[in-house]
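Index from 1, following the sequence.
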Amino acid sequence: PGGSKKYCSGTLIGPHHVITAGHCLHSTVDGGWAIDVTFDPGRNEEYSPFGPVKGTVLLAPIDWVQRQIATEDIAMVILNQSIGYKTGWAGLFSGPDDLLREQVLNVTGYPGDKAKGTQMWTMEGRVKHFGKDHFYYSIETFKGQSGSAVWREDKVNGGVQIVGVHTSGSELINRGVKLTKNKLERVMLWISLYLDLAGSGNNNDTTRVTEGLQTSSRLFGGNGCYMNSIGEAFKDAMGVNQNINEALLWFDRAIRFGNGQAEMNVGCLFRDGTGVKQDCNQAKYWFERSAEKANEAAMCNLGVMYREGGPSFPQDSKQSFYWFERASKLGSLRGHYHLANNYFYGTGTEIDKYKALELYYKAGASAKNEITPRAYHGVACVYRDLGDVNAAKIWFEKAANAGHTQAMICVAYMYLCGVGVERNLEEGLKWCQKSADGGNVDAYNNLGCIYRDGLGVAQNYRTAFYWFNQAAKLGHTIAQQNQNELFIFQQCKENNMFFG
């Protein structure tokens, strides 16, 4: 606004959508919004392979424009040409800190000390520290790289996945805004609002939009992946009203580009009967198409379908084993875990507790995720069955501390009965209560037994009946029997029906 000319970096994440830093488009110090914005993709000194393209819509969060909150230093430029169909574009990814901590990240942009900011450079390194909305790294950067993509390589699906935007730096440490779920949803809304071009090549006006709304999903890069992401937004009601017909339209478009993730999403709709008539055979068809594109999640979904069976879909333990084994060979944590269960229970193969142990270890060895506590519990069960009580205790406690409610019951049992530990009724009650707080129906029944028998607490039939009833209402047959026996016992007691 003040007439100064400044340079920043940005990255295409759609046909005409460029992600950058908020302060590249709006600066209170410099007088507000940028007056004129051009994007020159792939420039190398004087060579502009695609030519500069004009930005016609500038988008930034309201908390950045009005208050300059550093965690909101992210923005988007909508171009007047869909140059991305010539250049391609990057995908987006939002994941847990533990996952990103293990990976090499890259910063790609135009540092001002290289040919006066006209050479694109990429530097790599690892995250040193995570905040709620920022990450901090020692990856080398320079002025002009604000707005650069912080990205990782997608080794499964191929391509580039942006995980954040570089915003500031010093001699000691550099910082970027993380693509948290909320920020990813906002960026996806911006994309969905401007699926069509914002202006023509002759449009000299620039629109500034202070945006605070949010919506959905993740991008894996490429046309089909972009379309799949919009489909996921409509399927999961992420920032837009759920519309399965619209989701199917976008999935169909993505599938025409060969996108396996979209095929899996269609399979999920048919499997669950979401917006379409439930059809396990249609689900199988789409999962198999996706699996042949090396989609690990589709393989696991097939394994679960064959393991459990369904309407007009017979169980087949050998097919279940086959698909879990394929997913496991691709390094899938879910695949490792489910295949371990097959070996543990002898489903579709012979029982092999040592093979199960190896796979449970693999499933739980990576960054913490929803599989981790289940894998820990699996390790504990193998050690228990092999007679190693000490190792079983260690792993049951690890699983329990990771939130696995069934493992909490096992820890409670060990303390209540003195198995592998010194008997401690108070500790056993604590773990049983914690499992019940997590909604575990077996824990409800166990608490009923504890209060009925007075294990570490004062005997209390009213409280015992309450917990048996909680479990019985959820279909727990043993709790139903315990409830009935306790009721009969009370009736007999009150009517003096006990005889010598």
Side-chain angles (χ1 to χ4, degrees), residues 8-25 39 41-42 59-61 71-79 83-84 87-97 99-110 120-127 130 133-137 139 141 145-169 174-192 194 214-230 232-233 238 261:
C8 274
S9 299
T11 307
L12 277 161
I13 57 171
H16 39 267
H17 311 82
V18 177
I19 194 169
T20 187
H23 69 266
C24 293
L25 303 185
F39 178 68
L59 299 136
T71 57
E72 300 299 312
D73 192 1
I74 189 169
M76 183 179 289
V77 180
I78 307 299
L79 305 175
I83 194 71
T87 65
W89 57 80
L92 303 175
F93 179 82
S94 178
D97 292 346
L99 176 63
L100 297 180
R101 183 177 285 112
E102 294 181 347
Q103 298 185 335
V104 174
L105 298 184
N106 306 269
V107 176
T108 297
Y110 285 82
M120 183 167 62
W121 284 69
T122 296
M123 305 297 287
E124 67 177 35
R126 294 183 184 272
V127 176
F130 287 90
D133 291 275
H134 284 112
F135 40 29
Y136 301 81
Y137 39 83
I139 303 171
T141 62
Q145 285 187 270
S146 287
S148 295
V150 182
W151 58 274
R152 70 170 198 159
E153 181 183 356
D154 181 3
K155 295 182 179 179
V156 176
N157 299 284
V160 168
Q161 293 179 334
I162 296 175
V163 298
V165 174
H166 175 69
T167 56
S168 60
N174 294 322
R175 183 175 73 178
V177 171
K178 264 194 314 186
L179 274 184
T180 59
K181 178 178 179 292
N182 287 341
K183 287 186 176 60
L184 186 56
E185 290 175 349
R186 175 182 292 135
V187 170
M188 284 300 301
L189 176 61
W190 290 344
I191 292 173
S192 65
Y194 293 93
Q214 303 175 357
T215 202
S216 99
S217 198
R218 60 181 180 177
L219 290 167
F220 287 109
N223 299 335
C225 297
Y226 170 76
M227 294 169 184
N228 173 66
S229 299
I230 302 300
E232 288 181 345
M238 301 288 282
Q261 187 72 14

- prompt: Less than 4.5 Å apart, any side-chain heavy atom of His16 and any of Ile83?
  reply: no

message: Within the structure provided, determine whether Thr141 and Met123 are in side-chain contact (heavy-atom separation under 4.5 Å).
response: no

message: Taking the six-membered ring of Tyr137 as reference, does the cationic atom of Arg126 (NZ for Lys, CZ for Arg) lie under 6.0 Å from its centre and within 45° of its axis?
response: no

message: Using modelled atom types and a 3.5 Å cut-off, is there a donor and acceptor pairing between side-chain atoms of His17 and backbone atoms of Thr11?
response: no

- prompt: Does a side chain donor of either His134 or Thr71 reach within less than 3.5 Å of an acceptor in the other side chain?
  reply: no

message: How long is the straight-line distance from CG of Leu59 back to CD1 of Ile191, given to the nearest 0.5 Å?
response: 10.5 Å

message: For a 4.5 angstrom cut-off between non-hydrogen side-chain atoms, does Gln103 reach Glu153?
response: no

query: What heavy-atom pair brings Ala21 and Ala75 nearest, and what distance separates the two atoms?
result: O-CB, 3.8 Å

query: Between the side chains of Trp151 and Thr108, is a donor N or O closer than 3.5 angstrom to an acceptor N or O?
result: yes

field: Passing candidate, salt bridge (Lys or Arg N to Asp or Glu O under 4.0 Å) with Asp133, options Lys178, Lys183, Arg175, Lys181
entry: Lys183

query: Below 4.5 Å, heavy atoms only, C-beta onward: do Val77 and Leu25 meet side chain to side chain?
result: yes

message: Using side-chain heavy atoms (C-beta onward) and a distance below 4.5 Å, is Leu79 in contact with Leu12?
response: yes

- prompt: Run the side chain to side chain contact (heavy atoms under 4.5 Å, CB included) check on Phe93 and Leu184 step by step: do they pass?
  reply: CA-CA 8 Å; Phe93 179 82; Leu184 186 56; over 6 Å; no

message: Side chains of Thr167 and Asp73 only: does a donor on one sit below 3.5 Å from an acceptor on the other?
response: no

message: Less than 4.5 Å apart, side chain to side chain, heavy atoms only: is that true for Val127 and Leu105?
response: yes

message: Give me the atom names and distance for the closest heavy-atom approach of Ile74 to Trp190.
response: O-CH2, 4.1 Å

- line: Ser9 and Tyr110 have their tightest heavy-atom pair at OG-N, 2.9 Å

query: How close do Ser146 and Cys24 get, heavy atom to heavy atom, and via which atoms?
result: O-SG, 3.6 Å

task: Run the numbers on Ile13 and Val187 for side chain to side chain contact (heavy atoms under 4.5 Å, CB included), then give the verdict.
output: CA-CA 10 Å; Ile13 57 171; Val187 170; 3.6 Å; yes

task: Compare all side-chain heavy atoms of Gln161 with those of Leu92 and state whether any distance is below 4.5 angstrom.
output: no

field: Distance in Å, Ser148 OG paired with Trp121 CH2, rounded so as to fall on 0.5 Å steps
entry: 13.5 Å

query: Passes side chain to side chain contact (heavy atoms under 4.5 Å, CB included), Phe135 versus Val163? Steps please.
result: CA-CA 10 Å; Phe135 40 29; Val163 298; 4.0 Å; yes

- prompt: Between CD of Gln145 and SG of Cys8, what distance do you get to the nearest 0.5 Å?
  reply: 11.0 Å

message: Taking Glu72 first and then Arg186, would you say they form a salt bridge - that is, a charged N and a carboxylate O separated by under 4.0 Å?
response: yes

query: What do the steps show when you test Val18 against Ile78 for side chain to side chain contact (heavy atoms under 4.5 Å, CB included), and what is the final call?
result: CA-CA 6 Å; Val18 177; Ile78 307 299; over 6 Å; no

task: For Asn106 and Thr122, indicate whether the former's side chain and the latter's backbone hold a donor-acceptor pair under 3.5 Å.
output: no

